[in-house]
Number of protein chains: 4
Amino acid sequence: MPNKEKHNAIIASALALFSKYGFHNTTIAQIAKNIGISAGSIYSYFPSKNSLAKAAITFVTRILAKQLRVINEKEASSQEKITLFVQSYLTFVSKHPEMIEYFFKVYLTNKEIFSEEGKSGFELAQDFINEVEKLIDDGVKSGEFRAGNFYIAFSSIVGILGAITFLSGEKVLDKNLDIYTQDLSNSICRALS
Amino acid sequence: MPNKEKHNAIIASALALFSKYGFHNTTIAQIAKNIGISAGSIYSYFPSKNSLAKAAITFVTRILAKQLRVINEKEASSQEKITLFVQSYLTFVSKHPEMIEYFFKVYLTNKEIFSEEGKSGFELAQDFINEVEKLIDDGVKSGEFRAGNFYIAFSSIVGILGAITFLSGEKVLDKNLDIYTQDLSNSICRALS
Amino acid sequence: MPNKEKHNAIIASALALFSKYGFHNTTIAQIAKNIGISAGSIYSYFPSKNSLAKAAITFVTRILAKQLRVINEKEASSQEKITLFVQSYLTFVSKHPEMIEYFFKVYLTNKEIFSEEGKSGFELAQDFINEVEKLIDDGVKSGEFRAGNFYIAFSSIVGILGAITFLSGEKVLDKNLDIYTQDLSNSICRALS
Amino acid sequence: MPNKEKHNAIIASALALFSKYGFHNTTIAQIAKNIGISAGSIYSYFPSKNSLAKAAITFVTRILAKQLRVINEKEASSQEKITLFVQSYLTFVSKHPEMIEYFFKVYLTNKEIFSEEGKSGFELAQDFINEVEKLIDDGVKSGEFRAGNFYIAFSSIVGILGAITFLSGEKVLDKNLDIYTQDLSNSICRALS
DNA sequence: CATGAATGAGACTTCATTCAT
DNA sequence: TATGAATGAAGTCTCATTCAT
């Protein structure tokens with residue numbers, strides 16, 4: 001693999017275009033042109049368009065997982081952690097909407113791209129999911145969150161954040177995203193408690 | 001097969017295949033073959049593949065909106081209405097997973113499919129959104145839900161249900177969906193109150 | 001499969017171009033243009049370029065096998081049968097050089113096209129090979145040919161005819177092919193006896 | 001690695017890969033990697049892939065011509081020479097099947113590879129052909145072979161050997177090639193006499 | 001209205017060849 | 001001379017859409 005900088009530039013380009021136009025409406029040629037390289041060049045870095053989409057997901061997932069890991073390792077109540085996470089998440093959405101939109105739009109809606117041979121593409125996000133699980137578990141242990149089904153708790157966090165992200169991307173929100181931090185944290189904590 | 005019947009059969013076929021394989025991985029020929037008609041004849045009913053996708057989403061949206069309208073018109077507390085809605089929704093997911101998966105998939109990726117037409121896929125769901133708004137408003141008026149930003153409340157309902165639907169589609173849930181009715185209603189009501 | 005006539009026209013076009021320019025130097029577009037249809041059209045008849053090459057081999061092989069079968073079924077000495085076969089073969093080469101050249105050039109030299117999953121592409125010619133075997137066996141039984149290894153006898157017939165065909169295709173022969181009938185039959189019979 | 005040595009290593013690598021996968025299914029990169037050099041550096045030795053193919057065929061042809069020349073210069077009957085040639089040829093096929101397979105493959109498909117250059121692949125083999133001609137002429141002069149058309153005699157030798165080589169390459173022969181030496185020589189001599 | 005063969009535009013991908021280092 | 005990243009041209013194949021029957 002030639003060059004790490006270009007590798008990342010390709011991912012960034014793909015991320016931006018996939019999230020904007022969708023995976024199937026973005027061509028390799030566009031991704032290449034977008035960063036001033038030739039289409040064939042991309043194949044020195046990624047063996048296929050699908051693999052590029054996967055690399056992009058891994059890229060975003062790692063960032064999200066890392067952010068949450070840092071928060072998980074802090075000394076703070078679980079409610080505070082939720083707030084911190086919502087905060088860092090919304091900031092991230094503001095700064096890199098294309099990454100989050102990619103995560104929610106392309107990833108969730110194009111299973112056929114990410115899964116292979118019975119293996120759910122879901123596993124690509126495992127790192128992030130593990131951190132969410134830890135966040136929930138810790139809260140249950142400390143008594144701040146009620147014990148209950150993991151998937152419902154997971155849905156309460158990720159679903160609410162995902163939905164508000166979607167609305168933001170659709171430009172239906174009148175204000176800046178960070179305005180909603182406290183209110184969203186509140187709703188999530190209540191849903192979990 | 002009368003006109004209207006074939007029209008609906010085409011939508012049902014499209015719905016099933018789009019949700020299973022994705023819009024771009026489903027061909028008009030497959031949709032046609034699936035119900036034993038010719039590819040060309042689909043164009044007697046829908047002017048394009050995109051228009052078929054739109055008709056399908058309208059079809060599903062109307063069903064969801066109608067279900068919620070019936071519940072909204074009942075004499076019941078808002079909490080009970082939430083439970084009723086979750087219940088009817090989960091039943092619907094169990095019976096017609098393809099419709100709900102398509103519903104979420106299309107909305108998440110509407111840009112990909114509908115972007116060129118000016119009208120966002122989001123707008124197509126206005127009926128349904130209006131009913132959700134009414135559900136929330138009524139709860140706020142009755143004092144059961146806290147007053148607050150509509151979009152956050154909307155996200156709390158639709159986001160949580162969407163997330164659990166996604167997990168169900170990914171086959172990561174160990175049990176039947178309806179098991180989660182009470183727990184989910186609980187989480188949603190807490191998030192709103 | 002739409003239409004038998006066009007199916008055969010495609011095979012004929014492929015045969016002519018493959019034998020003239022080689023498999024890899026012939027494009028689907030050329031094959032199509034050659035008979036005035038669109039490139040995509042070919043894929044209604046053959047799922048891939050490789051499959052078209054295979055169909056062409058089967059086509060030629062069947063003709064060769066049929067010719068030899070007719071001769072094998074005649075009442076004649078084996079030597080006479082050899083002569084008849086050489087005669088009919090040379091006539092065929094004169095009339096349809098592209099078919100025979102295809103057989104010897106494309107088929108023999110592009111194994112990767114015709115074989116699949118351990119299965120030797122050789123089997124595509126089985127019909128013809130069987131007839132050659134019968135021709136030899138009958139001669140051995142009648143005492144005209146010496147008993148011996150089948151593959152050597154096979155090589156004596158097919159190798160000699162193949163080589164003269166090749167030379168003919170290379171335009172190094174000064175005279176018409178049929179001039180050589182008696183001489184070739186002679187050589188083959190001696191090689192076998 | 002000195003100049004000449006690398007030159008030959010490239011030819012050997014090309015020979016092995018061309019014969020195994022075919023000219024068009026072998027990439028310059030593979031040829032290079034196979035001997036641990038870079039793709040670009042092949043162009044320091046050969047101006048194009050085609051020229052490399054030509055150099056390879058010349059290389060093999062010279063070996064074959066030389067072997068036959070040595071035999072031609074011996075004091076022996078023509079029949080003995082045929083046997084010697086068959087023997088040395090089969091040994092060569094056993095030791096370097098890739099060279100012989102390439103030899104036949106290239107000549108059969110020379111149009112595909114060399115056509116644009118005006119000079120047919122056939123001409124490249126002139127050295128070898130001359131030696132075959134001498135072998136035949138000597139036999140005719142000594143009365144061992146019957147006088148007749150050169151091309152038929154040539155086909156009898158090269159066609160039979162080519163066919164058995166092909167069968168060997170197809171792995172349809174049950175035994176080692178050298179087993180067939182006497183039998184093959186026999187057939188060839190009879191065909192010529 | 002139905003059919004389905006035909007079209008043609010366009011996508012992904014490969015690879016010989018070049019050239020700056 | 002060596003390297004190998006980059007190019008760009010080309011080829012296979014797909015499929016929404018059309019249209020003659």
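Please read these numbers as outputs of a predicted model, since none were measured by experiment.
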For [X] and [N], what is the distance between atoms [atom1] and [atom2] respectively, to the nearest whole Å?
| X | N | atom1 | atom2 | value |
| --- | --- | --- | --- | --- |
| A/L52 | E/dA11 | CG | C1' | 15 Å |
| B/F46 | E/dA2 | CZ | P | 12 Å |
| A/Q30 | E/dG10 | CD | P | 12 Å |
| B/I35 | E/dG4 | CD1 | P | 14 Å |
| B/H24 | E/dC12 | NE2 | C1' | 15 Å |
| C/I113 | F/dT12 | CD1 | P | 11 Å |
| A/I28 | F/dC13 | CD1 | P | 19 Å |
| D/F18 | E/dC15 | CZ | C1' | 13 Å |

Side chain to side chain, B/I28 and B/Y43, heavy atoms closer than 4.5 Å: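 Yes. Closest side-chain heavy atoms under 4.5 Å.
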Ignoring backbone atoms, test whether [X] places a side-chain nitrogen or oxygen under 4.0 Å from the OP1 or OP2 oxygen of [N].
| X | N | answer |
| --- | --- | --- |
| B/K6 | E/dA2 | yes |
| B/S44 | E/dA2 | yes |
| B/S38 | E/dG4 | no |
| B/N3 | E/dC1 | yes |
| D/K33 | F/dG4 | no |
| D/Y45 | F/dA2 | yes |

B/S41 or A/A29, whichever maps to the more 5' nucleotide of DNA chain E: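 Nearest-nucleotide comparison on DNA chain E picks B/S41.
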Residue whose nearest DNA chain E nucleotide is more 5′ - C/G36 or A/K49: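 Nearer the 5' end of the strand: C/G36.
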Sugar-phosphate only, base, or nothing, as touched by C/T27 at under 4.0 Å among non-hydrogen atoms: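 C/T27: backbone/sugar contact only, no base atoms under 4.0 Å.
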Qualifying residues under ring pair (Phe, Tyr, Trp, His ring centres under 6.0 Å), relative to D/F46, sequence neighbours excluded: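 With neighbours one apart ignored, the set is D/H7.
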Residues which pass ring pair (Phe, Tyr, Trp, His ring centres under 6.0 Å) with B/F166, listed by chain and number, not counting sequence neighbours: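 Expected list: A/F122.
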Salt bridge (charged side-chain N to carboxylate O under 4.0 Å, His left out) pairs, two or more places apart, involving residues 43-61 of chain C: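 For residues 43-61 of chain C: C/K54-C/E116.
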Steps toward side-chain contact (heavy atoms from CB on, under 4.5 Å) verdict (D/T58, D/D127): CA-CA 10 Å; D/T58 304; D/D127 267 11; over 6 Å; no
Nucleotide-level pairing of DNA chain E, given in dot-bracket where Watson-Crick and G-U pairs need both distances under 3.5 Å and | marks other strands: .||||||||||||||||||||
Filtered N/O pairs between nucleotides 19-21 of chain F and protein, under 3.5 Å:
none

Along DNA chain F (nearest heavy atom to each residue), the more 5'-positioned of D/A39 and C/T26: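 Checking each residue's closest nucleotide, the 5'-ward one belongs to D/A39.
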Quick one: side chains of residues 10-17 of chain C, donor-acceptor pairs under 3.5 Å with protein atoms, not counting sequence neighbours, listed by atom name and distance.
unit_1 : atom_1 : unit_2 : atom_2 : d
C/S13  : OG     : C/I31  : O      : 2.8
C/S13  : OG     : C/N34  : ND2    : 2.9

Pairwise C1' distance, F/dT21 and E/dC1 [rounded to whole Å]: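 My reading of the C1' atoms in E/dC1 and F/dT21 gives 13 Å.
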Ring centers of D/F23, D/Y102 separated by less than 6.0 Å: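 When the ring centroids of D/F23 and D/Y102 are compared, they turn out to be at least 6.0 Å apart.
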For A/Q30, all residues meeting side-chain hydrogen bond (donor to acceptor under 3.5 Å, both in side chains), sequence neighbours excluded: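 None.
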Which residues share a side-chain hydrogen bond (donor to acceptor under 3.5 Å, both in side chains) with B/N25, sequence neighbours left out: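 Result, side-chain hydrogen bond (donor to acceptor under 3.5 Å, both in side chains) vs B/N25: A/E112.
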Contacts of D/S44 that satisfy side chain to side chain contact (heavy atoms under 4.5 Å, CB included) - sequence neighbours left out: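 Once residues adjacent in sequence are excluded, D/S44 has no partner under the side chain to side chain contact (heavy atoms under 4.5 Å, CB included) criterion.
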